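Position 1 is the first residue of the sequence; numbering continues from there. Since we're looking at a predicted model, the values are computed, not measured.
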Amino acid sequence: MDDKSNKLLLAFVMVFLFAVIVLQYVCPGTECQLLRLQAFSTSVALDPYRAEDEIPAKFIPQFNFTPAELLRKVDFNIKGDDLIVFLHIQKTGGTTFGRHLVRNIQLEQPCECKVGQKKCTCHRPGKKETWLFSRFSTGWSCGLHADWTELTNCVPALVDNKKEIKQRPRRNFYYITILRDPVSRYLSEWRHVQRGATWKASLHVCDGRSPTSEELPSCYTGDDWSGCYLQEFMDCPYNLANNRQVRMLSDLILVGCYNLSVMPEEQRNKVLLDSAKENLKRMAFFGLTEFQRKTQYLFEKTFNMNFISPFTQFNSTRASSVEIDEPTQQRIEALNFLDMELYEYAKDLFLQRYQFMRQKEHQEARRKRQEQRKILRAKHLVHKEETDNSTNDYIGNVEKWR
C-alpha cells in the first residue's frame with residue numbers, strides 16, 4: 001500500500017515538474033505567470049455585486065431599450081459648473097442614499113459635515129460653490145420633497161441669476177432619484193404618517209402656483225393624522241401617498257397640475273404614467289431600494305465617482321414588519337396601480353442597465369488581457385530571436401577557432 005502511494009506521489013511530482021518546464025519554455029520570465037495568476041484570481045473572486053441582491057435567475061427583459069438608453073456615463077465636471085440634483089421621494093430610502101452622497105464618496109475635497117447639523121457643505125475643489133443639490137447639502141431649497149415639476153423649474157433659477165447665466169456657459173443639471181416597491185413604500189409612508197409626519201411644508205408648486213384647498217383637500221383635520229389606521233389611510237381619495245412616485249416624476253403641467261377637471265381621469269393617468277417613464281429614462285441615474293449594491297455600482301459607473309464603503313441591503317424595515325392579508329395587499333396595489341406599472345418598467349430598465357454595464361466591463365477586461373498577451377508574445381519572440389542570434393554567433397566563433 002505504501003509503495004503504491006509513493007509511486008502515485010512520484011507520478012504527480014513528475015507531472016507537475018513537466019508542466020513547469022513546458023510553461024517556462026512557452027513563456028519565460030515572470031510576466032506570463034503573473035498574467036495567468038491574475039486571470040485565475042479574477043475568475044475565482046466573488047462578485048461583490050451579487051453578495052446581497054441577486055438578479056432574478058429567470059429575469060427576462062420585457063421592454064426594448066437602445067444601447068444609448070442602457071449605457072449611462074456622464075462627463076460630470078465637479079470642478080466646473082455641473083450640478084447633481086437629487087429628487088427625493090418620500091419613503092424610498094432616499095435619506096440613506098442622500099447621506100451616502102455627502103458622507104461616503106471619495107472626493108478631492110470631501111463634504112464638510114459637522115456634528116449636530118443635518119446639512120453638509122459640499123464645495124467644488126477650490127470654489128465656494130456646491131456641486132450637489134440635495135436635502136443634506138442645500139436643504140429643501142425648492143420646497144419639502146420637491147417633485148420633478150418643481151425642481152426642473154426651481155433649481156436653474158435658484159442657482160443662477162440672470163447676470164451669471166450670461167457670463168457662464170450653459171450648466172449641466174444631472175437629475176437622480178431612488179424608487180421603491182410601491183406596496184412597501186406605501187406601508188412605510190402610512191407608518192410614518194401614523195407617527196405624526198405631515199409634510200405640510202411641501203409647496204406642490206406647479207405652473208407658477210401652489211394648488212388651492214379645493215384642488216388638493218386634506219385627508220384629516222387638526223395638526224396631523226397621527227394614530228390613523230391603515231383602512232383610514234387607504235380610504236382617503238385625496239391621499240398623495242397614492243401613486244406618489246408617478247406623480248413626483250411626471251410633468252404635472254401636462255395634465256393641468258392639480259386641477260382634475262382639465263381632462264378625463266383615464267387620459268390623465270396615461271399622460272402622467274408616460275411622462276414619468278420618459279423622465280425616469282432620461283435621468284442621469286436612478287436606483288432601486290431593493291438593489292443597494294447594484295445601485296451603488298451604476299452610480300459609480302455613471303458619474304465616475306467611487307463610494308468609500310459598500311452599500312448595505314436592509315431587508316428588515318418598518319414596512320416589512322407590517323403584516324397584511326391578501327385583500328389588503330390587492331387594495332394597496334389597486335390604489336397604486338400607476339406606481340406598480342412604473343416600478344415594473346423601472347426595475348426592467350435598471351436590471352438591463354446593470355447587465356449591459358457589466359458586459360461592457362467584462363469586454364473591456366477581456367480586451368486588456370488580449371493586449372497584454374500580444375505584448376508578452378512579442379517580448380517572447382524578441383527574446384527567442386536574441387537567444388537564437390547569440391547561439392548562432394557562438395557557433396560561428398567556434399567554427400573560426402577551429
Side-chain angles (χ1 to χ4, degrees), residues 38 41-63 65-76 78 82 84-89 92-108 110-111 131-132 134 136 174-181 184 280-315 317 343-369:
Q38 181 182 6
S41 62
T42 302
S43 64
V44 300
L46 292 175
D47 185 347
Y49 302 102
R50 293 182 181 177
E52 295 173 322
D53 44 34
E54 181 62 83
I55 286 182
K58 296 182 179 179
F59 169 65
I60 301 174
Q62 301 296 319
F63 299 90
F65 297 105
T66 66
E69 292 169 339
L70 295 178
L71 181 61
R72 269 293 176 270
K73 283 196 174 183
V74 301
D75 185 19
F76 178 66
I78 193 172
D82 295 348
I84 293 177
V85 183
F86 179 33
L87 194 164
H88 184 171
I89 301 173
T92 58
T95 298
T96 299
F97 183 75
R99 288 197 179 104
H100 279 305
L101 293 177
V102 298
R103 297 176 180 270
N104 192 30
I105 293 185
Q106 296 177 7
L107 297 171
E108 179 182 334
C111 298
W131 56 268
L132 175 65
S134 73
F136 292 117
Y174 296 111
Y175 291 87
I176 64 174
T177 194
I178 301 291
L179 296 184
R180 186 180 182 184
D181 167 72
S184 297
L280 185 71
K281 183 175 67 177
R282 296 177 63 180
M283 277 184 166
F285 160 84
F286 74 88
L288 298 182
T289 305
E290 290 72 25
F291 298 93
Q292 288 293 312
R293 296 300 296 275
K294 293 177 178 61
T295 292
Q296 174 184 351
Y297 172 82
L298 287 177
F299 181 91
E300 290 177 339
K301 294 301 177 183
T302 299
F303 289 99
N304 194 27
M305 302 169 75
N306 294 320
F307 291 99
I308 300 169
S309 302
F311 288 14
T312 304
Q313 187 70 45
F314 293 108
N315 293 320
T317 62
Y343 185 78
E344 287 304 309
Y345 174 88
K347 184 177 178 181
D348 190 274
L349 175 56
F350 177 86
L351 293 178
Q352 283 199 54
R353 280 181 175 171
Y354 172 78
Q355 287 186 333
F356 187 82
M357 294 294 284
R358 292 292 277 171
Q359 288 171 0
K360 285 286 185 183
E361 189 176 44
H362 292 155
Q363 289 170 1
E364 180 64 18
R366 191 181 305 115
R367 185 189 64 81
K368 288 182 178 180
R369 288 198 299 270

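In this view, Tyr343 and Glu290 satisfy the side chain to side chain donor-acceptor pair (under 3.5 Å) rule, not counting sequence neighbours. The salt bridge (charged side-chain N to carboxylate O under 4.0 Å, His left out) test applied to Lys281 returns Glu69, Glu278, not counting sequence neighbours. The ring pair (Phe, Tyr, Trp, His ring centres under 6.0 Å) test applied to Phe350 returns Phe291, not counting sequence neighbours. In this structure, Thr92 has no side chain to side chain donor-acceptor pair (under 3.5 Å) partners at least two apart in sequence or on a different chain. Listed by chain and number, the residues in a side-chain contact (heavy atoms from CB on, under 4.5 Å) with Gln62 are Ile60, Asp348 (sequence neighbours excluded). When the ring pair (Phe, Tyr, Trp, His ring centres under 6.0 Å) test is applied to Phe86, the partners found at least two apart in sequence or on another chain are His88, Phe97. Checked against side chain to side chain donor-acceptor pair (under 3.5 Å), Thr95 has the following partners two or more places apart in sequence or in another chain: Arg135. When the ring pair (Phe, Tyr, Trp, His ring centres under 6.0 Å) test is applied to Phe63, the partners found at least two apart in sequence or on another chain are Tyr345. Residues satisfying the side-chain contact (heavy atoms from CB on, under 4.5 Å) criterion with Ser309, sequence neighbours excluded, are Asn104. Residues that satisfy the side chain to side chain donor-acceptor pair (under 3.5 Å) test with Arg367, not counting sequence neighbours, are Glu364, Glu371.
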Determine whether Thr302 and Lys73 satisfy the following criterion, side chain to side chain contact (heavy atoms under 4.5 Å, CB included), listing intermediate values before the conclusion.
CA-CA 4 Å; Thr302 299; Lys73 283 196 174 183; 6.0 Å; no

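Counting non-hydrogen atoms of neighbouring residues, nucleotides and ligands closer than 6.0 angstrom, the CG atom of Asn304 reaches no more than 12 such neighbours.
Residues Thr289 and Ile178 form a side-chain contact, since some pair of their non-hydrogen atoms from C-beta on lies under 4.5 Å apart. Two residues are said to be in side-chain contact when any heavy atoms from C-beta on lie closer than 4.5 Å; Ile78 and Glu108 fail this criterion. Between Leu288 and Arg180, every side-chain heavy-atom pair lies at or beyond the 4.5 Å cut-off. Side-chain contact check for Gln292 versus Phe314: every heavy-atom pair is 4.5 Å or farther apart. Residues Tyr175 and Leu87 form no side-chain contact, since every pair of their non-hydrogen atoms from C-beta on lies 4.5 Å or further apart. Using a 4.5 Å cut-off on side-chain heavy atoms (C-beta onward), Val85 and Leu132 make no contact.
Taking a cutoff of 4.0 Å between a charged side-chain nitrogen and a carboxylate oxygen, Lys347 and Glu344 do not qualify as a salt bridge.
Of all heavy-atom pairs between Ala284 and Phe303, the closest is CB-CZ, 3.9 Å. Between Gln296 and Phe311, the shortest heavy-atom contact is OE1-N, 2.8 Å. Of all heavy-atom pairs between Leu280 and Ala346, the closest is CD2-CB, 3.5 Å.
For the atom pair CH2 of Trp131 and CG of Asp82, the computed distance is 12.0 Å after rounding to the nearest 0.5 Å. Annotation: the span from Arg99 atom CZ to Phe136 atom CZ amounts to 4.0 Å, rounded to 0.5 Å. For the atom pair Thr96 OG1 and Leu101 CG, the distance stands at 11.0 Å (nearest 0.5 Å). Distance CD1/Ile308 to CD1/Ile105: 8.5 Å, rounded to 0.5 Å. In this structure, the separation between CD1 on Ile84 and CD1 on Ile176 is 5.5 Å, given to the nearest 0.5 Å. Considering CZ of Phe299 and NE2 of His100, their distance stands at 11.0 Å, rounded to 0.5 Å.
The cationic group of Arg353 does not satisfy the cation-pi geometry with Phe285, failing either the under 6.0 Å distance to the six-membered ring centre or the 45° limit from the ring axis.
Here the side chain of Ser134 pairs no donor or acceptor atom with the backbone of Gly98 at under 3.5 angstrom.
Each of Glu361, Lys360, Arg72 was evaluated against Lys301; a single residue qualifies, Glu361, per the side chain to side chain contact (heavy atoms under 4.5 Å, CB included) test.
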